[in-house]
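As structure tokens, the structure follows; a few thoughts come after it.
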Amino acid sequence: MRSKVIMLTVTVVVIVGWFLSTIFITGNRPALGLDLQGGTSIVLAPVKGSDLSTLDAAVPIIRARASACAGQSEPNVSRQGNTIVIDMPGAKNVARCQSVLSETAELRFRPVQNQVPYACATTSPTTAAIGHTTTTVHGATTTPTTKPVTTTTRGRALGAEHIDTQLITATRPAAGTPTTAKAATTPTTRHATTPTTVKGATTTTVPCQGTCDNGKVVTTRDQDKADATVVLPDRQRTTCYLLGPTVLTGKNVGSADATIDPSTASWIVQVNFKTNEFVTKVAQPFVNKQVAIVLDQEVISAPTINPGITGKAVQITGNFSEKDARSLALVLKYGALPLQFVTQTSATISPSLGKDQLRAGIVAGVIGLALVALYMIFFYRLLGLVVWVGLGLTGLTFFSLVSFLSDHSGLTLTLAGVTGIIVSVGITVDSYVVYFERLKDEVRTGKTVRSSIDSGFRRAFRTIIAADLVSLIGAFVLHWLAAGSVKDFAYFLGLSTLLDLILAYCFMYPAVALLARRPALVRMRGFGVAAGLDVAGVTA
């Protein structure tokens with residue numbers, strides 16, 4: 001009996017302690033889903049004529065993009081028919097998310113032939129400061145034999161630089177400062193453009209004394225072919241680049257991660273290529289020249305290739321902020337999708353609607369619990385209080401566990417998940433009913449309540465395991481094959497079923513055993529254990 005008391009005490013202390021620490025120490029709360037707190041739902045459809053056999057391969061790439069852009073560690077991304085549905089609860093920057101998710105073009109590496117300002121200069125070019133901001137990419141296995149060469153863009157304030165010993169140096173101009181770099185082609189009349197054809201692509205004479213004239217001469221999407229020479233801007237719209245045909249695509253990138261270099265305490269991007277094509281197609285042919293990383297008609301970065309590259313693993317280092325490093329790593333790792341998408345629909349659920357649905361779910365749960373509690377007290381009297389306490393401990397455990405999973409693995413509680421929790425109340429109560437009914441059978445054979453506790457629980461627990469196993473199998477199959485809200489329902493149903501098995505053994509069994517050892521509680525008239533078991537003349 002002492003072991004049962006210890007088990008009961010430890011169980012209650014651990015559950016209550018975990019709950020209190022969640023509330024007052026860690027401050028974690030369950031992360032609510034799109035339908036409970038509002039957010040954005042975007043439906044992407046592949047463009048006409050796409051190969052739908054690669055649609056499943058696009059799901060993890062889009063999920064990673066959605067997680068990065070919306071700040072959600074686990075957005076709900078699923079394939080529904082021939083579309084991909086992205087639910088981002090609590091997404092604050094909807095426009096940015098839509099932009100990131102629509103970047104479905106192929107990631108390309110293009111040689112830089114020239115670069116000019118995006119807009120007309122607002123100050124005299126001769127008075128602009130000259131400097132550099134350099135990003136260096138280090139090879140994992142080589143040591144350069146010659147000193148790296150840095151590309152200087154005159155007329156643009158760039159800041160101080162440090163060129164390390166290996167691989168790629170990316171010059172990243174500071175935003176908003178004019179430059180007088182040579183135009184991509186010879187300018188003609190001010191603010192006029194003259195189209196020409198270069199290697200199958202239409203480019204134009206750069207107007208406004210060597211600028212891109214606010215994007216008017218940027219190559220159009222339908223002309224942005226992999227084998228064409230194009231004019232494309234950077235993401236900040238400060239510079240336009242004249243780029244040659246694609247020499248390498250993002251399909252060759254194996255992995256890319258942003259991390260901190262311990263030696264310099266600065267952010268770097270580590271890139272691993274799948275093959276040695278980066279060396280043969282980029283590093284060797286374009287040594288000491290710039291090669292742009294392009295995604296969806298924008299130049300993400302324009303590195304200058306340093307001598308001595310031979311390996312597949314490189315490090316991009318420089319004056320990166322955390323945001324810049326993570327953004328570049330994200331583009332390199334997930335830039336290429338197997339097919340192109342268009343935004344079919346985009347809907348926003350208001351926070352007020354989410355709160356209304358959450359309130360309705362809570363009210364439904366409270367009403368259900370109240371009815372169940374009254375039923376258990378009416379039929380099982382004092383034993384019904386055991387059910388009350390057991391359901392309370394289950395609720396505390398569930399709150400703490402979901403809060404922990406939300407914080408550490410991005411779990412979100414949706415309306416379907418709330419439904420799964422409410423349904424699981426019936427499974428939990430069934431475990432108590434099975435045990436109590438088994439006790440009735442044991443006592444009716446002439447045994448005392450105390451002697452019936454252990455034998456009754458052994459037989460009842462086998463039945464509880466069999467019943468819960470059926471629920472677990474159903475939840476597993478639903479979670480495996482279903483999508484969206486059905487998957488959420490299955491997850492929370494399975495989670496609550498596992499909790500039922502644990503608490504049936506660690507709480508229900510020792511709690512009933514403790515009551516059975518108190519003759520006053522067994523014989524209490526009209527409300528004791530004997531009254532709950534409905535066996536006349538029962539003895540403690």
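By convention here, the first residue in the shown sequence is residue 1.
Of all the heavy atoms in Ile268 and Ala325, the pair that sits closest is O-CB, 4.3 Å. Taking every heavy atom of both residues into account, Pro111 and Pro245 meet most closely at CD-O, 3.2 Å. Pairing each heavy atom of Gln344 with each of Thr83, the nearest pair is OE1-CG2, 3.9 Å. Among all heavy-atom pairs drawn from Pro46 and Phe341, the shortest one is N-CD2, 3.6 Å. Closest approach of Thr246 and Leu248 over heavy atoms only: CG2-O, 3.3 Å. Nearest heavy atom pair, residue Ser406 against residue Ala31, reads OG-N, 3.0 Å.
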Run the side-chain contact (heavy atoms from CB on, under 4.5 Å) check on Gln113 and Leu243 step by step: do they pass?
-> CA-CA 6 Å; Gln113 298 179 0; Leu243 306 174; over 6 Å; no

How far apart are the C-alpha atoms of Asp488 and Thr414, what are their side-chain angles, what is the distance that settles it, and do they pass the side-chain hydrogen bond (donor to acceptor under 3.5 Å, both in side chains) test?
-> CA-CA 7 Å; Asp488 294 335; Thr414 64; 3.1 Å; yes

Show your working on side-chain contact (heavy atoms from CB on, under 4.5 Å) between Val291 and Val112 and close with a plain yes or no.
-> CA-CA 5 Å; Val291 175; Val112 177; 5.9 Å; no

Begin with the C-alpha distance, continue with both residues' side-chain angles, and end with the deciding distance and a verdict on side-chain contact (heavy atoms from CB on, under 4.5 Å) for Leu493 and Leu478.
-> CA-CA 10 Å; Leu493 179 62; Leu478 276 178; 5.7 Å; no

Test log, rule side-chain contact (heavy atoms from CB on, under 4.5 Å), inputs Ile293 and Val299 | CA-CA 6 Å; Ile293 302 171; Val299 175; over 6 Å; no

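Here the OG-CH2 distance, from Ser321 to Trp267, works out to 9.5 Å after rounding to the nearest 0.5 Å. If you take CG on Leu232 and CZ on Arg110, they are separated by 6.5 Å, rounding to the nearest 0.5 Å. For the atom pair OH (Tyr491) and OG1 (Thr412), the distance works out to 10.0 Å, reported to the nearest 0.5 Å. Rounded to the nearest 0.5 Å, atoms NZ (Lys312) and CG (Asn252) are 9.0 Å apart. A distance of 5.0 Å separates CD of Gln115 from CD of Gln290, quoted to the nearest 0.5 Å. One finds the NZ atom of Lys281 at 12.0 Å from the CZ atom of Phe109 (value rounded to the nearest 0.5 Å).
Side-chain contact between Val271 and Val253: present, with at least one pair of heavy atoms (C-beta onward) separated by less than 4.5 Å. Between Val43 and Ile84, every side-chain heavy-atom pair lies at or beyond the 4.5 Å cut-off. In this structure the side chain of Gln270 reaches within 4.5 angstrom of the side chain of Thr259, judged on heavy atoms. Within the 4.5 Å cutoff, side-chain heavy atoms of Val402 are placed close to those of Phe492. Between Phe273 and Val279 the shortest side-chain heavy-atom distance does not fall below 4.5 Å. Counting heavy atoms from C-beta on, the side chains of Val269 and Asp257 never come closer than 4.5 Å. Between Arg359 and Ile362 the shortest side-chain heavy-atom distance does not fall below 4.5 Å. Looking only at side-chain heavy atoms (C-beta outward), Tyr118 and Thr211 stay at 4.5 Å or farther from each other.
Relative orientation of the Trp18 and Phe404 rings is perpendicular, given thresholds of 30° and 60° on the angle between their planes.
A donor-acceptor distance shorter than 3.5 angstrom exists from the side chain of Thr219 to the backbone of Val231, with no hydrogens or angles considered. Formation of a donor-acceptor pair under 3.5 Å by the Thr275 side chain with backbone atoms of Glu277 is found in this model. Using modelled atom types, one side-chain atom of Asp234 and one backbone atom of Thr239 make a donor-acceptor pair closer than 3.5 Å.
Side-chain contact, Ser266 with Asp261: no donor N or O sits under 3.5 Å from an acceptor N or O.
Ion pair Glu298/Arg237 flagged as a salt bridge, since at least one NZ, NE, NH1 or NH2 atom sits closer than 4.0 Å to an Asp/Glu carboxylate oxygen.
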